[in-house]
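Below: one structure, written as structure tokens.
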Amino acid sequence: MEAGNTMLYIQARVVTPNKVIEEGAVVVANGRITAVAAASSLPPPPTAQVIQSPNYVLVPGFIDLQLNGAFGHDFTQHPETIWQVATQLPRYGVTSFLPTIITSPLVTVPLAQQVLGQRPAAFRGAEPLGLHLEGPFINPQKKGAHNPHHIQLPTLEAVAGWQPEAYVRLVTLAPEMPGAMAVIAALSAQGVIVSAGHSLATFAIAGASFEAGVRYGTHLFNAMLTLHHREPGLAGALLADKHTVIGIIPDGIHVHPALLKLVWQTAAPRLNVVTDAMAALGMPPGTYDLGGFSVTVDETTCRLPDGTLAGSILSMDTAVRNLITYTGCTLAEAMTTVTTIPANLLGLGQHKGHIAPGYDADLVLLTPALHIAMTIVNGQIIYQQPNHET
Ligand code: ZN
């Protein structure tokens, strides 16, 4: 990967996010963060490009673990569009992401693996960290917007080549399906994060799946048993467990804001905000593709003709602002859900998700209203809000 060799000096309110430096400064060189301190004790190096925005906030770049496509492109139908979409994602503060392939013929997976293996020369954009395979081993009764014709029972043969080295990072499956527990164990041993989702798992089955290796829950409350006081199901098991990370879509539609607040009060240190955005993100209302289905998109919502929710048009920066609005949390707290928590889940917490010396220079400069002013990936300024002057 080509690292930015420009040296940057950014003066802003720095949210690392574990620590807040009110009048802070960050130095970036060769794609890495080299210094973080109070601006008063850290003068700009003579050769650095100086970005002085003391009223703005510098945070780590956002990591989206569930993104189906954007800008008119659907990754499941057209995996070859991943790199193209990636070039535009920094406008939402996204510096790395998991392109998500939903239930489709199994041959889609090697196609997508191949695409990720062929990094375009001089690529500049949000870094795809590997695939999130959401399906095809899901429960047909919780298919959501997935095509039931392509749903399969999990087998060890099918997942033999799924590992981070071959660009598979996260797999969502339904643990109650026959054969799933063995596949959970195998994928975990191969270094893949396994998630429970699109599932009718009871509380007991969910607990057994955590024992087998499941460490994540895909879009809490959506496509799982409704939380019931006598059968808490997968949702209740995720909330009660202390070790799993919980994915959630804060668009105000997939989960009621009041329930999101309750989840926050229960499980904030394990919450991971995802967009689950689809091809219509960044596009006007209309009809778009999701995994081969036609989806009608208005100003807020994406639905199949029968009304089933089919992904979102939520951008990552909107997701962060929504989380703060719905829960009343601080910016630093909101930041953990899109930086340290996903980075740690993927085992990348030693170089992504945090502003500290030695970390990848994936940074977002936010305006006081928390809109994206600038996005830096790997030490290079990839996006700059048109009227933002540095
Ligand atoms: Zn889903």
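Residues: numbered from 1 along the sequence shown. Whatever order the structure lists ligands and atoms in, that order sets their numbers, starting from 1.
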Residue list, side chain to side chain donor-acceptor pair (under 3.5 Å) with Asn272, at least two apart or on another chain
Tyr216

Do the ring centers of His146 and His198 come within less than 6.0 Å of each other?
yes

So, do Asn68 and Phe75 sit near enough that their side-chain heavy atoms are less than 4.5 Å apart?
no

Ser294: what forms a side chain to side chain donor-acceptor pair (under 3.5 Å) with it, not counting sequence neighbours?
none

Return the number of protein N, O or S atoms with a distance to the Zn ion (ligand 1) smaller than 2.8 Å.
3

With sequence neighbours left out, what residues match Thr340 under side chain to side chain donor-acceptor pair (under 3.5 Å)?
none

Report yes if some heavy atom in the side chain of Gln66 is under 4.5 Å from a heavy atom in the side chain of His132; otherwise report no.
yes

